[in-house]
Amino acid sequence: MKKRIVTGDRSTGRLHLGHLVGTLQNRVRLQDEYECFFIIADIQVLTDHINSHEDIDANVFEVMCDYLGVGLKPENCFFVQSQVPELSELTTYFSFLVSLARVQRNPTVKNESEMYGVSQMSLGFVGYPVSQAADILAFKANLIPCGQDQLPHIEQTREIVRTFNNTFGKEVFTLPEALIGKVPVLQGLDGVQKMSKSLNNQINLAHTTDETLLRIGKMVTDVQRVYRKDPGHPDSCFTYKYWSIFAPDAMPHVRTECESATRGCKECKMELASYLNIQLGEIRERRARYASQPDLVWDILATGTRRARQVAEQTLVEVRDAMHLSFPRLAKAAERMVQNGSA
Ligand code: TRP
């Protein structure tokens, strides 16, 4: 049997370059080797978007187009978190295995809550890593390709595996591992914070070539280089870092021309933007093809959601059994009611 990958993203909008190098490339690379479950985490969006959840349906569609656009095959299992109620059931059980002090220590949740306003934080917000553990364990994942910010959640998941198996005396779950992409945290175009839609310092996979040119054009470069004729300092230039990530082969000539002041910062960024546009071209074309066939995209999600429910239900049977929540006499009584025609 193939090992399993479970991973996914919050559906807050379109995915960007940070997602690509942080996790999507790994997913594309491993999709044939593993059985993959890709979750679109709409419940998790409620953490900090409880008052602006009305575009959730549109955002789920956008994330699906991004997934298919980067080259994840439609045969994989794609599903919407809230449409697999088994996950919520498992979350409820897991929430009794984790102390409140433990969830409050999660560094990613702490960061997010500071951005959001700690006093506004709901119970669901502090507890979402437990719900994420349910997402992962319902499918008995072996591997989770994700960004570095997800590591505390994977650690939390591993703790739940140990606690569950010990508490109920059965090896229902096995320990999953995280897999971080080649760029664990991609800084946004401001060169200061991590790339993120909410900071508007991102390049979306779906941005047009012109938009990409415009955005890269605003990127910070070498702050020590005041005049065009001054030699540049690639090692302390933020734009050069992007060259190293997205076009490493071009680094030697970019360095030489920068240090000898034969290349200006503006033209350097324009050239970088064209490299990016070339690399994203295939993704954008494929994405546009799917985006123009919404029924097909929703069909892929419907198939995935059905399959996800079947797999999660099998796990839940084992979980309820281990927890003494199977109630065989109740199940028999329900069967009798069906036979008597009273149900
Ligand atoms: N926390 C992830 C994000 O912020 C989304 C997510 C939900 C997830 N459930 C998951 C990731 C399970 C990996 C595995 O985008």
Side-chain angles (χ1 to χ4, degrees), residues 3-24 26-27 30-31 34-49 56 59-60 62-64 66-67 70 72 76-84 86-88 90-91 94 103 106-113 115-116 124-158 160-161 173 175-181 184-186 194-199 202 205 304-305 308 311-312 315:
K3 289 193 167 183
R4 283 184 179 163
I5 278 181
V6 176
T7 186
D9 298 274
R10 291 184 189 184
S11 40
T12 48
R14 293 178 168 175
L15 303 181
H16 51 63
L17 281 183
H19 295 108
L20 185 68
V21 292
T23 169
L24 294 173
N26 274 338
R27 300 183 198 176
L30 296 171
Q31 64 180 329
Y34 286 77
E35 184 186 3
C36 296
F37 296 85
F38 298 120
I39 179 164
I40 305 191
D42 63 331
I43 299 181
Q44 220 176 85
V45 176
L46 297 169
T47 51
D48 52 2
H49 285 69
I56 196 68
N59 285 338
V60 166
E62 295 298 329
V63 172
M64 267 307 281
D66 285 327
Y67 281 172
V70 293
L72 294 177
N76 288 302
C77 180
F78 299 91
F79 64 98
V80 182
Q81 190 181 27
S82 66
Q83 302 308 300
V84 181
E86 290 76 8
L87 300 177
S88 299
L90 195 54
T91 303
F94 285 171
V103 284
N106 184 306
T108 297
V109 177
K110 271 194 188 161
N111 279 344
E112 289 167 344
S113 68
M115 281 178 19
Y116 183 67
F125 193 151
V126 222
Y128 87 75
V130 177
S131 140
Q132 184 155 335
D135 299 340
I136 294 167
L137 297 178
F139 305 97
K140 302 196 174 182
N142 303 101
L143 193 68
I144 301 132
C146 58
Q148 195 167 30
D149 57 337
Q150 301 299 302
L151 287 180
H153 306 340
I154 312 303
E155 199 41 52
Q156 175 69 84
T157 305
R158 293 166 60 91
I160 290 175
V161 169
F173 298 113
L175 292 169
E177 308 269 349
L179 176 71
I180 306 298
V185 184
L186 181 70
K194 136 178 162 177
M195 184 172 279
S196 131
K197 184 184 72 120
S198 54
L199 298 167
Q202 91 284 23
L205 302 175
T305 303
V311 175
T315 305

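First listed ligand is number 1; within each ligand, the first listed atom is number 1. As the structure is a prediction and not an experimental result, all values here were calculated from the model.
Side-chain contact between T7 and N26 is absent, with no heavy atoms from C-beta onward closer than 4.5 Å.
Residues Q31 and N76 bring a donor and an acceptor atom of their side chains to less than 3.5 Å of each other.
Partners of S196 according to the side-chain hydrogen bond (donor to acceptor under 3.5 Å, both in side chains) rule, which considers only residues two or more places apart in sequence or in another chain, are S198. Residues satisfying the side chain to side chain contact (heavy atoms under 4.5 Å, CB included) criterion with E35, sequence neighbours excluded, are K2, R4, F37, R307. Partners of D42 according to the salt bridge (charged side-chain N to carboxylate O under 4.0 Å, His left out) rule, which considers only residues two or more places apart in sequence or in another chain, do not exist here.
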One line per pair, note the atom names and distance for all nitrogen or oxygen contacts under 3.5 Å between ligand 1 and the protein.
{"from": "ligand 1", "atom 1": "1 (N)", "to": "Q44", "atom 2": "OE1", "distance (Å)": "2.7"}
{"from": "ligand 1", "atom 1": "1 (N)", "to": "Q132", "atom 2": "OE1", "distance (Å)": "2.8"}
{"from": "ligand 1", "atom 1": "1 (N)", "to": "Q150", "atom 2": "OE1", "distance (Å)": "2.8"}
{"from": "ligand 1", "atom 1": "4 (O)", "to": "R10", "atom 2": "NE", "distance (Å)": "3.3"}
{"from": "ligand 1", "atom 1": "9 (N)", "to": "D135", "atom 2": "OD2", "distance (Å)": "2.7"}
{"from": "ligand 1", "atom 1": "15 (O)", "to": "R10", "atom 2": "N", "distance (Å)": "3.1"}

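Considering E62, H19, Q202 in turn, E62 is the only one that fulfils the side-chain hydrogen bond (donor to acceptor under 3.5 Å, both in side chains) rule with R14.
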